[in-house]
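The block underneath contains the structure these notes are about, expressed in structure tokens.
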Amino acid sequence: MIEMRGIKKSFGDLNVLKGVDLKIEKGEVVAILGPSGSGKTTFLRTINFLDAANEGHIEFDDMDVNCADASKKEIHEVRKRTAMVFQNYNLFKNMTALQNVMEGLVLVQKMEKEKARRLSAQALQKVGLGERLDYYPSQMSGGQQQRAAIARALVLNPEVILFDEPTSALDPELVGEVLNVMKDVAETGITMIVVTHEIGFAHDVASRVVFMDGGKVIEQGRPEEVIDHPKEERTKQFLSNIRK
């Protein structure tokens, strides 16, 4: 279980998050929807301290971290339990797919290279890149690069994977292959928090949908509740606009 309580984040005079509360049970797939500027990506980044919140608490099972004065040890512990898949892949261009996936195991977890190589190859196989181990990012499509990034997250065996709009940088014909891999990951039972604009994915795969706007959670519930029968006027307006 992971719980965020009273998360606030400002950049100078701009208040981006205004007290976000969200509790996620183990194995849930939570899709976060919202317009640009709603704070959803910033919220995701506060969970693993890529952007440290100014106020609020993050609780992982028995660990309760005060975001305002988190120690390096606490931040390290939170990051050990999470993995991030970024919008723009964030692969090292001078490394092969296999080397990219191995990097965290060898440098962060101090794993022996041969074991890291074996686990990384298995992770790439799971995302359909078993024949691309020695390919560099420049030799792969955007969809293949994002699948490699998902393998890099999976191999760390995190408790939670954070996805930041993982298909938004892809050509339309490549979106499906990444969403299919994410569906497969969801079926393994790992906890996932997905900032996305893919309404179909949110509807079909998420166990819960959260709609954010103005730095707050406006509405949340099962996909058929929030997407098919939203209660809040702002949610209705957003969904109406993106379906035009």
Side-chain angles (χ1 to χ4, degrees), residues 1-2 24 26-29 44-52 58 60-63 65 70-167 169 177-195:
M1 182 273 292
I2 178 173
I24 298 170
K26 184 176 181 179
E28 272 199 286
V29 177
L44 196 74
R45 291 170 63 90
T46 62
I47 295 173
N48 67 349
F49 289 87
L50 285 176
D51 286 322
I58 297 176
F60 262 105
D61 296 324
D62 57 342
M63 181 176 66
V65 181
S71 66
K72 288 183 179 180
K73 182 179 179 180
E74 287 174 321
I75 292 172
H76 178 69
E77 185 61 31
V78 168
R79 288 177 175 170
K80 275 173 54 181
R81 298 186 182 201
T82 61
M84 187 95 165
V85 177
F86 297 91
Q87 181 175 327
N88 292 309
Y89 331 135
N90 279 24
L91 299 179
F92 295 106
K93 299 186 187 306
N94 63 333
M95 293 184 180
T96 64
L98 183 62
Q99 290 168 335
N100 266 285
V101 176
M102 287 175 59
E103 186 77 354
L105 294 178
V106 175
L107 287 188
V108 179
Q109 297 189 8
K110 309 300 181 185
M111 186 178 291
E112 190 270 328
K113 279 191 176 181
E114 199 51 49
K115 182 179 180 181
R117 184 176 290 109
R118 175 170 51 81
L119 293 177
S120 298
Q122 290 173 354
L124 285 163
Q125 186 77 40
K126 287 178 183 176
V127 300
L129 293 177
E131 305 299 317
R132 297 286 189 273
L133 303 185
D134 297 324
Y135 280 48
Y136 289 89
S138 62
Q139 298 172 303
M140 296 188 289
S141 69
Q144 290 170 339
Q145 290 182 64
Q146 191 61 294
R147 283 189 280 149
I150 293 171
R152 180 179 58 189
L154 280 173
V155 81
L156 297 173
N157 196 29
E159 294 179 28
V160 182
I161 300 183
L162 311 171
F163 293 84
D164 182 16
E165 300 203 33
T167 60
E177 67 183 66
V178 172
L179 292 179
N180 285 335
V181 167
M182 291 173 63
K183 289 177 185 177
D184 291 342
V185 173
E187 289 173 1
T188 68
I190 193 167
T191 308
M192 296 168 55
I193 306 175
V194 186
V195 169

Residues forming a side chain to side chain contact (heavy atoms under 4.5 Å, CB included) with Q125, sequence neighbours excluded
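By the side chain to side chain contact (heavy atoms under 4.5 Å, CB included) rule, Q125 matches no residue at all.
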For E74, all residues meeting side chain to side chain contact (heavy atoms under 4.5 Å, CB included), sequence neighbours excluded:
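E74 satisfies side chain to side chain contact (heavy atoms under 4.5 Å, CB included) with V65, A70, S71 once adjacent residues are dropped.
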The criterion is side chain to side chain donor-acceptor pair (under 3.5 Å); which residues satisfy it with [X], sequence neighbours excluded?
X    : value
S120 : none
E114 : R117
Q144 : none
E177 : R147

Counting only pairs under 3.5 Å, give me each side-chain donor-acceptor contact of residues 180-195, with atom names and distances, residues two or more places apart or in other chains.
from	atom 1	to	atom 2	distance (Å)
N180	ND2	G176	O	3.2
T188	OG1	V185	O	2.5
T191	OG1	G27	N	2.8

Rounded to the nearest 0.5 Å, what's the gap from NE2 on H76 to CG on N48? Could you check?
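Here the rounded value is 13.0 Å.
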Distance in Å, R118 CZ paired with E112 CD, rounded so as to fall on 0.5 Å steps
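Here the rounded value is 9.0 Å.
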By salt bridge (charged side-chain N to carboxylate O under 4.0 Å, His left out) - contacts of R79 (at least two apart)
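Salt bridge (charged side-chain N to carboxylate O under 4.0 Å, His left out) list for R79, sorted by chain: empty.
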Qualifying residues under salt bridge (charged side-chain N to carboxylate O under 4.0 Å, His left out), relative to K115, sequence neighbours excluded:
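Per chain and number, K115 pairs via salt bridge (charged side-chain N to carboxylate O under 4.0 Å, His left out) with no residue.
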Please list, one pair per line, the donor and acceptor atoms closer than 3.5 Å that link side chains of residues 81-89 to other protein atoms, with sequence neighbours excluded.
from	atom 1	to	atom 2	distance (Å)
R81	NE	E77	OE2	3.3
R81	NH1	F60	O	3.4
T82	OG1	V78	O	3.2
Q87	NE2	S168	OG	3.2

side-chain contact (heavy atoms from CB on, under 4.5 Å), that's the test. Do Q109 and L156 meet it? Break it down for me.
CA-CA 9 Å; Q109 297 189 8; L156 297 173; 3.7 Å; yes
Shortest non-hydrogen contact from [X] toward [Y]:
X    : Y    : answer
I58  : T46  : CD1-O, 3.4 Å
P166 : V178 : O-CG1, 4.5 Å
L91  : P137 : CB-CG, 4.0 Å

Strictly by side-chain hydrogen bond (donor to acceptor under 3.5 Å, both in side chains), give each pair with a member in residues 151-164 just once, sequence neighbours left out.
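Pairs touching residues 151-164 that pass the test: T41-D164.
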Hey, are the side chains of I150 and I161 touching, using non-hydrogen atoms and a 4.5 Å cut-off?
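A side-chain contact is absent here, since even the closest heavy-atom pair is not under 4.5 Å.
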Distance-only check: which donor-acceptor pairs under 3.5 Å involve side-chain atoms of residues 95-105, not counting sequence neighbours?
from	atom 1	to	atom 2	distance (Å)
T96	OG1	Q99	N	3.1
T96	OG1	Q99	OE1	3.4
Q99	OE1	T96	N	2.9
N100	OD1	F92	N	2.7
N100	ND2	F92	O	3.1
N100	ND2	M95	O	3.1
N100	ND2	T96	O	3.1

